[in-house]
Visitor: 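Structure incoming, see below.
Quick note on labels: first sequence line is chain A, next is B, and so on, each numbered from 1.
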Number of protein chains: 2
Amino acid sequence: MVTRAESAAATRRALLDAATSLLAAGGPEAVTLREVGARAGVTRGAPYRHFADKDSLLTAVAAESWERLADHVRAVRTDPARSAVEKLRGALDALIGVGRAQPHLYQLLFWQPGHLNRLERLHRQVCGPEGDPQAASRAADRFQDEFLAVVADVVGEEDARRYGALLLTSAHGIAGMEHSGQLGTDKWQTSADSLVDTLIGMVTG
Amino acid sequence: MVTRAESAAATRRALLDAATSLLAAGGPEAVTLREVGARAGVTRGAPYRHFADKDSLLTAVAAESWERLADHVRAVRTDPARSAVEKLRGALDALIGVGRAQPHLYQLLFWQPGHLNRLERLHRQVCGPEGDPQAASRAADRFQDEFLAVVADVVGEEDARRYGALLLTSAHGIAGMEHSGQLGTDKWQTSADSLVDTLIGMVTG
DNA sequence: ATCCTACAGTTGACAGTGTCATCTGAGCGC
DNA sequence: GCGCTCAGATGACACTGTCAACTGTAGGAT
């Protein structure tokens with residue numbers, strides 16, 4: 001037998017897994033609450049016991065992904081076998097790799113939180129904190145902190161912010177352009193990896 | 001009195017204007033064919049006489065926006081009052097400016113075409129060309145050509161591709177991060193404009 | 001002038017969707 | 001044991017994109 005809390009936690013986990021899987025397979029349009037519920041073994045109304053609405057569910061998925069990304073960068077950063085520059089490359093590749101392997105999820109990471117926070121933040125100020133949509137922002141923050149630490153190991157503390165912002169935005173842009181297929185053309189005669197090389201060369205040279 | 005062709009062209013124009021307006025105001029979710037039709041003075045079924053489906057309508061909106069962007073960069077590039085570096089700044093600001101002023105449209109520019117082309121290109125190969133979804137890609141191509149020419153004026157022909165790709169992806173990343181609100185935090189202590197400065201300094205210095 | 005055709009636009013219908021009010025039933029404190 | 005709480009089920013509603021069938025008129029053919 002299982003306690004009620006355990007059952008509820010398992011359902012919530014199953015809902016998140018189902019949403020993540022559907023998002024990866026077919027984008028946000030494919031994430032329907034009915035299908036999410038079905039894959040989690042519940043019906044369409046059940047998600048509303050765990051998330052305010054569909055956007056909250058997707059925001060929770062984004063939060064988990066940010067957490068994974070932050071953990072990964074932390075693991076890279078504390079790997080004694082890598083040099084500082086190799087760690088930087090690992091961090092950049094991590095972000096771009098998500099864009100490449102899971103474009104829908106990647107888009108969610110940078111789109112949903114911003115879209116939500118603009119409106120929901122005001123909403124939370126009125127209704128009081130609910131803890132949910134903040135989670136994505138905090139997780140993204142943690143990723144940025146890890147990334148900043150990696151950059152600091154390469155260019156030093158005082159230049160970390162300046163170069164970190166440039167590196168992060170550039171990596172984000174590379175991922176986005178690659179995702180939209182505008183880097184694959186022979187017009188630019190380059191690749192994401194080559195651009196990362198150039199980027200790293202700029203801050204180390 | 002108006003001819004039938006004139007009437008149809010006017011309706012198509014009104015549909016595009018309505019879709020553009022709705023997109024700017026409330027994002028893709030707010031663009032409903034019923035509301036688009038209502039604002040254009042027709043009913044919900046009318047758009048299907050001009051566009052295959054909702055995605056085609058949005059792709060047409062994206063194509064028009066790419067055209068405007070390309071025209072703007074061309075105007076900047078051929079402005080005799082500006083230096084080469086000032087032209088580069090103008091081109092970068094144009095892209096970032098769209099991201100700032102019309103985030104939903106900006107997202108459409110880089111998201112929809114890539115998402116569609118991946119699947120639709122195969123579809124067109126079977127059903128024969130329809131001319132519509134290609135328009136967005138061609139317009140985006142024209143923008144990139146203009147941008148490439150601006151970059152060539154600064155760094156020379158042979159380095160234009162290499163630096164052009166880096167500048168374009170970086171600008172895209174800056175726009176995206178600013179849009180998602182992740183540049184506004186005091187963590188980075190920088191701004192989109194400041195990053196553009198750094199970027200230009202890197203390729204000119 | 002009359003018929004005919006092409007076609008822009010209308011209308012009714014259908015399958016899905018997110019969301020909510022209401023109901024049900026089982027875990028758990030008393 | 002009783003009763004409360006809450007996870008989940010269910011019915012309903014408004015709204016969406018999409019298509020088949022229909023209507024009316026511009027404009028060429030006779």
Visitor: How long is the gap from OG on A/Ser180 to CD on A/Glu178, to the nearest 0.5 Å?
Guide: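 Reported to 0.5 Å precision, the distance equals 9.5 Å.
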Visitor: Could you check whether any side-chain heavy atom of A/Phe110 comes within less than 4.5 Å of a side-chain heavy atom of A/His172, counting everything from C-beta outward?
Guide: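 They are in side-chain contact.
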Visitor: When you compare the side chain of B/Glu64 with that of B/Val61, does any pair of heavy atoms fall below 4.5 Å?
Guide: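 Side chain of B/Val61 against side chain of B/Glu64, heavy atoms only: no contact under 4.5 Å found.
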Visitor: If I take atom CD in residue B/Glu6 and atom C1' in nucleotide D/dG27, what distance separates them, rounded to the nearest angstrom?
Guide: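 To the nearest whole Å, that distance equals 14 Å.
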Visitor: Under 4.0 Å from OP1 or OP2 of C/dA8: is there any side-chain N or O of B/Thr11 that close?
Guide: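 No.
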Visitor: Rounded to the nearest angstrom, tell me the gap between atom CZ in B/Phe51 and atom C1' in D/dC19.
Guide: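 Atom-to-atom, B/Phe51 to D/dC19, this comes out as 18 Å.
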Visitor: B/Asp53 has an atom CG; how far is it from atom P of C/dG16, in whole Å?
Guide: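 Value for this atom pair: 18 Å.
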Visitor: Do the side chains of A/Val154 and A/Lys87 get nearer than 4.5 Å, heavy atoms only?
Guide: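 Heavy-atom side-chain distance check fails, nothing below 4.5 Å.
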Visitor: What integer distance in Å separates A/His50:NE2 from D/dC6:P?
Guide: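 That distance rounds to 13 Å.
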Visitor: Set out, in order, the CA-CA distance, both residues' side-chain angles and the distance that settles side chain to side chain donor-acceptor pair (under 3.5 Å) for B/Ser194 and B/Asp197, then state yes or no.
Guide: CA-CA 5 Å; B/Ser194 170; B/Asp197 285 338; 5.4 Å; no
Visitor: Quick check on DNA chain D: between B/Ala5 and B/Arg49, whose nearest nucleotide comes earlier from the 5' end?
Guide: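 Result of the comparison: B/Arg49.
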Visitor: Kindly state which residues belonging to residues 40-48 of chain A come within less than 4.0 angstrom of DNA chain D, counting heavy atoms of the residue only, listed by number.
Guide: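 Only A/Val42, A/Thr43, A/Arg44, A/Gly45, A/Ala46 qualify.
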Visitor: How about A/Ile200 and A/Leu92: do any of their side-chain heavy atoms sit closer than 4.5 Å?
Guide: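 The answer is yes; the side chains approach within 4.5 Å.
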Visitor: Charged N to carboxylate O below 4.0 Å: is that the case for A/Asp153 and A/Arg77?
Guide: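 Salt bridge between A/Asp153 and A/Arg77, a charged N being under 4.0 Å from a carboxylate O: no.
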Visitor: State, to 0.1 Å, how close A/Val31 and A/Ala19 come at their nearest heavy-atom pair, and which atoms those are.
Guide: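 Between these two residues, the closest heavy atoms are CG2-O, 3.9 Å.
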Visitor: Send over the distance from A/Arg4 CZ to D/dC4 P, rounded to a whole Å.
Guide: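 In whole Å, D/dC4 P lies 14 Å from A/Arg4 CZ.
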Visitor: Just the rounded figure in Å: distance from C1' of C/dT19 to CG of A/Leu57.
Guide: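 After rounding, the reported distance stands at 14 Å.
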Visitor: Do the side chain of B/Glu6 and the main chain of B/Thr3 share a donor and acceptor less than 3.5 angstrom apart?
Guide: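 Here the side-chain-to-backbone pair exists.
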Visitor: For nucleotides 13-16 of chain D, print each protein N/O atom paired with a nucleotide N/O atom at under 3.5 Å, atom names and distance only.
Guide:
none

